[in-house]
> 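Okay, handing you the structure first.
Every chain is numbered from 1 and lettered A, B, ... according to where its sequence line falls, protein lines coming before strand lines.
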2 protein chains.
Amino acid sequence: MLELRLVQGSLLKKVLEAIRDLVTDANFDCSGTGFSLQAMDSSHVALVALLLRSEGFEHYRCDRNLSMGMNLNNMAKMLRCAGNEDIITIKADDGSDTVTFMFESPNQDKIADFEMKLMDIDSEHLGIPDSEYQAIVRMPSAEFSRICKDLSSIGDTVIISVTKEGVKFSTAGDIGTANIVCRQNKTVDKPEDATIIEMQEPVSLTFALRYMNSFTKASPLSDQVTISLSSELPVVVEYKVAEMGYIRFYLAPKIEEDEEMKS
Amino acid sequence: MLELRLVQGSLLKKVLEAIRDLVTDANFDCSGTGFSLQAMDSSHVALVALLLRSEGFEHYRCDRNLSMGMNLNNMAKMLRCAGNEDIITIKADDGSDTVTFMFESPNQDKIADFEMKLMDIDSEHLGIPDSEYQAIVRMPSAEFSRICKDLSSIGDTVIISVTKEGVKFSTAGDIGTANIVCRQNKTVDKPEDATIIEMQEPVSLTFALRYMNSFTKASPLSDQVTISLSSELPVVVEYKVAEMGYIRFYLAPKIEEDEEMKS
DNA sequence: ACCTCTCGTT
DNA sequence: AACGAGAGGT
């Protein structure tokens, strides 16, 4: 028996909007720790890891670990039927092949329940080691989103270069080139406007903008985004989910063309 | 000679937006009583009945009964040219094959007149008897609209079930099922938020969501909608037009599948 | 915070 | 033409 009651239901709605265009089917894993998901995108290039800790739920009952395979498009369709102020409860009976989403309007006048079929999905759950990163950039998520969107109208890839003064996003395409530099800025009126760079050593890596633009769909979840970079490691683009956990996107850097030739 | 002056011209604009995707051509009937329309939708499944009483007009002159056939898309095109604050006057000369819409801006600085060709439309005018209904639900029009829209992302039909505690909207589709229950609620801060159920006996009927979603285009006309249900009778979905009359939509229930087989 | 309106997109 | 996203207003 599973029963997870989330007062701020809009969080779950946003989580699904954030990952549904990257991942079509995935297993949600429930344990005492929380409600989590790990999945590769459909082209097996990027990885999404979601964690919503049990303490973030008003009520969290999970009698035994459960892995529920869901079609994220169908799940998103149902969650779109919840109001932004609704309380969302996720329910599943042991051994059942369905999951129920219950939506309660703030004044309790409207109660909706949506039942969805589960599916069998085989997925290897990767252990993701905690790594040290050469550079960690924290910046406003809206700004990062705007930059990726803007650059993708010029080129297909973005080179992210971090020095301790700032972070530079560069691209090149048929019509020209573009560079956007964001300076570190800690002394800002509102903390959510800050751009903070923690750098061990300069780093410069190249990524496909297509995936970056998918990642930024998570922007509504958090005012800030954290970008963790190291040579040889996938970049981690992380959005906090208020008081509950995070969504992390992993993407391997593009190898420089000359190195690509060597291999 | 016909001359109808409507101070709150936006009402007529909204009326047209409400019915133009259901009905393409229709006769507007003018008499001493008022300005009215009755038409089947293009697939002859739903019926629209509009009444704007003569008392609702600032000036109402209708020398003799007149039936004016109009293309509602063209009429809507013209009315869209009126500002929301404009006073609209509808004029027609006896025997003329055109109608004129005159728009006066609130400060009288702008006066526009649009002349539109009338068309011959043969329509049988049905007498619609006043019936007793097993259940009448009054609820916020925006909520009804949202429910129909949400359910149509899951299934094609809605089952509306009324008990004295509340009204339930249900659907089923490939990806799952959905039930939305609205409780009766008379004791609400604002009367337009109330949900009121007058029930003689429980009733449960099935309707095509496609039409319901067309009906809800009339939501801008009124904060509340009235849904009148009886077995064997078409549902009536009614929106009041402020101080003037109403738009009513009629739709026959779907017959249960097993009964359909018999026939 | 919610809703409306406008704009851009499919 | 209809829908969805974004911005601005209440």
> I need the CG-C1' distance between B:L22 and D:dA2, as an integer number of Å.
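In whole Å, D:dA2 C1' and B:L22 CG are 16 Å from each other.
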> Taking only the side-chain heavy atoms of A:E85 (C-beta and beyond), determine which of D:dA2, D:dG4, C:dA1 contains the nearest atom.
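For A:E85, the side-chain atoms sit closest to C:dA1.
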> For B:L16 and D:dA1, what is the distance between atoms CG and P respectively, to the nearest whole Å?
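After rounding, the gap between these two atoms is 14 Å.
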> Could you tell me how far apart B:D223 (CG) and C:dT4 (P) are, to the nearest whole angstrom?
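Computing the B:D223:CG to C:dT4:P distance gives 9 Å.
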> Going by an N to O cut-off under 4.0 Å, is there a salt bridge joining A:E3 and A:R5?
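Not counted as a salt bridge, because no side-chain N and carboxylate O are separated by less than 4.0 Å.
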> Once ring pair (Phe, Tyr, Trp, His ring centres under 6.0 Å) is applied, do any residues pair with A:F249, and if so which ones, sequence neighbours excluded?
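A:F249 satisfies ring pair (Phe, Tyr, Trp, His ring centres under 6.0 Å) with A:F215 once adjacent residues are dropped.
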> Atom NZ of A:K77 to atom C1' of D:dC3: distance rounded to whole Å?
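Distance check: A:K77 NZ to D:dC3 C1' gives 15 Å.
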> Nearest whole angstrom, please: distance from the P of D:dG9 to the CG of B:N84.
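The distance from CG of B:N84 to P of D:dG9 comes to 17 Å, rounded to the nearest Å.
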> Hey, does A:R80 reach any base, or is it just sugar-phosphate, or nothing, if we go heavy atoms under 4.0 Å?
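Result for A:R80 = nothing.
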> Do the non-hydrogen side-chain atoms of A:Y250 and A:V235 ever get within less than 4.5 Å of each other?
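A:Y250 vs A:V235: side chains apart.
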> Between P on D:dG4 and CG on A:D21, what's the gap in Å once rounded to a whole number?
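Nearest whole value for this atom pair: 16 Å.
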> Between the side chains of B:E198 and B:R138, is the shortest nitrogen-to-carboxylate-oxygen separation below 4.0 Å, so that they form an ion pair?
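No, B:R138 and B:E198 are not salt-bridged.
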> To the nearest Å, give me how far apart NZ (B:K14) and P (C:dT4) are.
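The distance from NZ of B:K14 to P of C:dT4 comes to 10 Å, rounded to the nearest Å.
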> Expressed as a whole number of angstroms, how long is the span from B:D150:CG to D:dG4:C1'?
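Answer to the nearest Å: 15 Å.
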> If you find the nucleotide of DNA chain D closest to B:K149 and the one closest to B:N73, which residue's nucleotide is nearer the 5' end?
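The answer here is B:N73.
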